[in-house]
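These notes concern the structure reproduced below.
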Amino acid sequence: MNKSPDELLKELTLTEKASLVAGLNMWMTKGIERLNIPPVHMYDGTNGIRKTNSNEEMGITTENVPATCYPTGSAIGSSWNTALLHEVGVALGRESKTMEVELLLGPGVNMKRTPLGGRNFEYYSEDPCLTGELGAAFINGIQSEGVGASVKHFAGNNQEFEKMVTSSEIDERTLREIYLSAFERIIKKSDPWTVMCSYNLLNGTYTSENEHLLNDILREEWGYDGVVLSDWTAVNDRIRGLKAGLTLKCRAPPITMPKR
């Protein structure tokens, strides 16, 4: 007999509960075998499933499992075709199931604010409305197959250079109209299983521990009740993150967070 989430929660020990809010290794959460709670396998998935043959490595030096490669976000975003994005999402969801992947880490929907942005190829557009519509269609496609999506990187991830120590200084109106608009549209139109916070600081506070961003806006204002997970090695202070609303700390090989 399958137990409800509330019943399982009551049976978990405090140590087991704590273990569920940090990844077991590079690409999966910890399962609780005695309660038949399986681990969640998650891999990059903006334009294809980047599943590695190793649980610990970033995939740079290890061989990836062969998978279908779709056009990058910048290319498919130029189509302005929500039906096409939904179709790609469905295909990725189906392929994920054959590869035993429960969560795809995508789409990337940050705004393109400079031509030097190192991940511009991964994002759809510099327009929040277009990005929001495309991202919602993509996520609805993936999740229609019973596979979760993770919209990223929340928020203000404007550059790759020194992104772990850079603070995006954005006033409230600009934040709302440009940087958060696509995320809000996606949350309300597709309800992604997870939201991934970014590496950077936002107005002086790491997004992984930014209560205004994760709690006031995302949860209270937009009504999001899914999982908020960190980008890999993006957690500066785990306790502050928990208090701010960061659900899952995703693990990676040990790294020392740079100081500002």
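From a predicted model like this one, the values you see are computed outputs, not experimental measurements. Start at 1 with the first residue, then count along the sequence.
Pairs passing the salt bridge (charged side-chain N to carboxylate O under 4.0 Å, His left out) check and including a residue from residues 191-217, sequence neighbours excluded, read Glu209-Arg240. Among residue pairs with one or both ends in residues 160-187, those qualifying as ring-ring contact (aromatic ring centres under 6.0 Å, His included) are Phe154-Phe183; sequence neighbours excluded. Residue pairs meeting the salt bridge (charged side-chain N to carboxylate O under 4.0 Å, His left out) criterion with at least one partner in residues 24-38, sequence neighbours excluded, are Glu16-Arg34. Among residues at least two apart or in separate chains, there is no salt bridge (charged side-chain N to carboxylate O under 4.0 Å, His left out) pair with a member in residues 65-82. Pairs of residues two or more places apart, or lying in two chains, never qualify as salt bridge (charged side-chain N to carboxylate O under 4.0 Å, His left out) while including a residue from residues 69-89.
Residues meeting the side-chain contact (heavy atoms from CB on, under 4.5 Å) test with Thr114, sequence neighbours left out: Leu116. Applying the side-chain contact (heavy atoms from CB on, under 4.5 Å) criterion to Val21, with sequence neighbours excluded, gives Arg238. Taking the side-chain contact (heavy atoms from CB on, under 4.5 Å) definition, one finds that Thr15 meets it with Thr13, sequence neighbours left out. Residues passing the side-chain contact (heavy atoms from CB on, under 4.5 Å) test with Glu172 are Leu175, Arg176, His212, Ile217, sequence neighbours excluded. Here Arg119 pairs with Glu122, His153 under the side chain to side chain donor-acceptor pair (under 3.5 Å) rule; sequence neighbours left out.
When only modelled atom types and interatomic distance are considered, Glu95 and Thr68 share a side-chain donor-acceptor pair under 3.5 Å.
Residues near Tyr123 contribute nothing to a hydrophobic cluster around it, because no ILVMFWY side-chain heavy atom sits closer than 4.5 Å to its side chain. By the 4.5 Å side-chain criterion applied to Ile, Leu, Val, Met, Phe, Trp and Tyr, Ile37 is assigned to a cluster that also includes Leu8, Leu9, Leu12, Leu20, Ile32, Leu35.
The residues Lys163 and Glu160 are annotated as salt-bridged, a charged nitrogen and a carboxylate oxygen being separated by less than 4.0 angstrom.
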